[in-house]
Amino acid sequence: MIRYAKPTTVDEALALLGGGAWRILAGGTDFYPAQGSKPFRDNVLDINGLTALRGIAETGSHWIIGARTTWTDIIRHPLPPAFDALKQAAREVGSPQIQNVASVAGNLCNASPAADGVPGLLVLDAEVELRSATATRHLPLSAFILGNRRTALRPGEMLTAIHVPKPAGTSAFVKLGARRYLVISIAMVAVRLVAENGTVAQAAVAVGSCSAVARRLAGVEAALRGLPLDAGLVAAVRSAPMAELQPIADVRGSAEYRLDAVREIVARAALEAAGKPTDDKVAA
């Protein structure tokens, strides 16, 4: 017999998870399309009643994003400029109707290579909070998503929050798609820059849809550090190594096209993060 449960407290949800195998239902924007017309075979744990897991809180050292926080919540919350890339990505997660119910944690746990929210969180050095009935652990986001539809969640665990150390700098997100709205990414990037005396003191660059998981680009970050905040950033991006990327060829674009396109959109995002935006928020 298939079981359905809708707990009202986190402890109740964790107790259920510890007592058997469950498929977690959060916003449902990926859950139901993935199910299609197939009959349910798994127990369903509906966490939409867990009000404690929704919202954004600020501590002395971190911003904490609850697992059930929606993309609309991200867009509307007053966050520092380092979060601008994440806010821009939030506006590209489907339509406003999707953004109103889709959860940040669901975007991560779905573990799609094309998940719009992942690059913006990677450049913020985000960690995930994973809880079971007996323990709590934290993992860097880069260690949580293991591959296409694979995460480091253990049996009995649930992602309960995302922790972001209070970030400095400014950031930007650029997405390449076949059209302006409601499209799966061909490639997408987030860039965060911290400037000191008109030069790049720190750089964080992440790319999605060009490998099995979204990746930080260490070579590009190193190439940007120490440069003035001017058009020279573009030349640095175009010549920097991007060995972390291993794009596939599919109906949306060839591997070669993705690699060429990534350099262009990383350059655009870097210029925008440096305060010199181009006209193209989303490339098409």
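What's counted below: heavy atoms across the whole structure, side chains too, no hydrogens, waters or symmetry copies.
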Heavy-atom side-chain contact between [X] and [Y] under 4.5 Å:
X	Y	result
F173	V191	no
W63	P80	yes
D125	L141	no

Rounded to the nearest 0.5 Å, what separates atom [atom1] in [X] from atom [atom2] in [Y]?
X	Y	atom1	atom2	answer
I184	D250	CD1	CG	9.0 Å
L45	L17	CG	CG	5.0 Å
I265	I186	CD1	CD1	9.0 Å

Task: Carboxylate-amine/guanidinium contact R268 E264, below 4.0 Å - done: yes
TODO: Indicate yes or no: does E221 engage R216 in a salt bridge with an N to O separation below 4.0 Å.
DONE: yes
Open item on the list: As a test of understanding, state which of T69, I65, L124 forms a side-chain contact (heavy atoms from CB on, under 4.5 Å) with I162.
Closed with: I65
Open item on the list: According to salt bridge (charged side-chain N to carboxylate O under 4.0 Å, His left out), who are the partners of E129, at least two apart in sequence or on a separate chain?
Closed with: none
TODO: Just jot down the side chain to side chain donor-acceptor pair (under 3.5 Å) partners of E58, sequence neighbours excluded, or say none.
DONE: K166
TODO: Provide the full list of ring pair (Phe, Tyr, Trp, His ring centres under 6.0 Å) pairs with a residue in residues 123-142, sequence neighbours left out, each pair given once.
DONE: H138-H163
Open item on the list: Looking only at side-chain N and O atoms, does D84 offer a donor or acceptor that is under 3.5 Å from a partner on S171?
Closed with: no
